[in-house]
Amino acid sequence: MILLFEPTMSAVFPYPSQIVITCFPKQSPWLAKEVEKMGFTIEDQSITEVEVKGFMGDCLRLNMYLRTAGRVLFQINRFRAINANELYGKITSMPWENYLENDGTFSVTSWVRNDTIRDDRFANLRIKDAIADRMVKKTGARPDSGSARDHTVIHVYWVEDKVRLYFDTSGNTISKHGYRKIPFKAPMSESLASSVIMASGWDMKSSFVNPMCGSGTLAIEAALMATKSAPGLLRNNYGFMHLKGYNEGSWKGYKRLAGLQKRETLDFKIIASDLSGEALRAARENARIAGVDHLIEFEKCDFRETPIPKDNGVVMMNPEYGERLGADKDLELLYSQIGDFLKQRCQGYNGYIFTGNLDLAKKIGLKASKRIEFFNARIESRLFEYQLYQGTKRE
């Protein structure tokens with residue numbers, strides 16, 4: 001892929017390095033597809049991350065376009081350290097004055113599994129002290145530090161004696177796409193919604209119907225995907241912006257390019273319905289902030305009365321889960337009614353139910369053609385696919 005703009009901070013980080021892109025558990029297959037589509041080669045993959053090699057400038061592109069990611073980490077060093085004192089010594093030997101402004105602010109996050117460390121916060125403190133002491137020695141000034149991730153963020157991965165040091169180029173997580181100001185109850189995260197839509201195989205050319213839409217996350221993400229609207233267009237602060245040598249013009253160039261790629265109209269329908277007027281007000285406002293309110297038809301109605309366009313496409317629902325065990329009778333009835341709605345009103349569509357309650361899913365009464373694993377926060381969940389044939393499957 002040809003870069004149209006010079007990579008940011010090329011003088012400070014002139015060589016490619018490992019880039020670790022994190023995600024919520026079970027979302028990595030969809031993250032990997034996004035990353036590969038951008039021209040990267042996957043070097044390693046787990047249930048919560050994807051690893052590639054690239055330049056610091058590549059981190060700008062990844063932060064701009066990725067929908068399913070959490071953070072983009074650029075590796076700046078790797079070494080061995082047995083204990084906190086050795087870690088301190090290795091970190092003070094690094095040229096932090098080339099990376100950080102002496103009047104800036106930084107924070108430290110870590111993932112530690114070392115027998116000499118009982119509390120990750122102690123490791124974070126030693127790392128902060130090492131960086132600050134180096135800066136005082138070389139520049140005469142001590143940068144501020146804290147827990148907020150709205151400035152420079154340094155991430156340390158330390159297992160036994162192996163240390164990997166990263167700049168968190170995202171800062172605050174990019175799993176939040178910047179438009180959801182009114183969440184309404186317990187909404188699905190934006191990155192999870194994107195992953196679920198990708199998992200459905202929706203072609204972004206046919207109708208997308210979202211009954212019981214809540215705060216509208218699924219419908220909004222569908223509209224953003226269909227219009228090729230980059231998530232980074234809705235956000236103005238990233239970790240990489242606070243590194244020394246950051247070139248604001250490079251980011252503005254990426255934003256201009258992303259803006260040119262965005263579509264303003266669609267030739268199919270995206271419909272979101274909910275019986276709650278409060279939910280619809282939240283969904284409309286979130287869609288307005290996302291810039292897609294004109295692309296979504298909002299309907300106040302019972303889910304069974306949701307308009308279904310007479311073509312084909314996807315019907316996707318994220319109903320309440322209830323308790324994991326012993327769901328109440330009202331939810332059992334709801335899931336049964338969802339099954340009837342899909343069978344009677346959505347023929348010709350592919351139906352999808354996302355739920356964290358596998359017992360309730362049995363009440364839908366339809367045979368699922370796929371059961372795709374996800375996690376919603378800490379709740380093990382499934383995306384059930386139902387092929388809603390007209391007539392019989394044989395016909």
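Cation-pi geometry between Arg118 and Phe122 is not satisfied (NZ or CZ under 6.0 Å from the ring centre, within 45° of the ring normal). Note that Arg126 lies in the cation-pi zone of Tyr88, set by a 6.0 Å cut-off to the ring centre and a 45° limit from the axis.
Ring pair Tyr99/Trp96 is perpendicular by interplanar angle, where above 60° counts as perpendicular and below 30° as parallel. Ring geometry for Phe13 versus Phe167: interplanar angle over 60°, hence perpendicular rather than tilted (30 to 60°). Aromatic ring orientation, Phe240 versus Tyr246: tilted (interplanar angle from 30° to 60°).
With hydrogens and angles ignored, the 3.5 Å screen pairs no side-chain donor or acceptor of Ser206 with any backbone N or O of Trp202. Using a distance-only test at 3.5 Å, with no hydrogens or angles considered, a donor-acceptor pair links the side chain of Asn286 to the main chain of Ser215.
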Working for side-chain contact (heavy atoms from CB on, under 4.5 Å), residues Leu31 and Phe24: CA-CA 10 Å; Leu31 173 59; Phe24 291 124; over 6 Å; no
Could you walk me through whether Lys228 and Met204 satisfy the side-chain contact (heavy atoms from CB on, under 4.5 Å) test, starting with their C-alpha distance in whole Å, then the side-chain angles of each, then the deciding distance to 0.1 Å, before giving a yes or no? CA-CA 10 Å; Lys228 299 183 179 179; Met204 292 180 281; over 6 Å; no
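The closest side-chain donor-acceptor pair between His242 and Asp150, if any, does not fall under 3.5 angstrom.
A salt bridge links Arg142 to Asp129: one of the charged nitrogens lies within less than 4.0 Å of a carboxylate oxygen.
With contacts defined as side-chain heavy-atom distances shorter than 4.5 Å, the pair Phe354/Asn376 qualifies.
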For a quick test of your reading: what N or O donor-acceptor pairs under 3.5 Å do the side chains of residues 274-285 make, sequence neighbours left out?
unit_1, atom_1, unit_2, atom_2, d
Asp274, OD1, Ser276, N, 2.9
Asp274, OD2, Cys213, N, 3.3
Asp274, OD2, Gly214, N, 2.9
Ser276, OG, Glu278, N, 3.3
Ser276, OG, Ala279, N, 3.0
Glu285, OE1, Arg288, NE, 3.1
Glu285, OE2, Arg288, NE, 3.4
Glu285, OE2, Arg288, NH2, 2.7

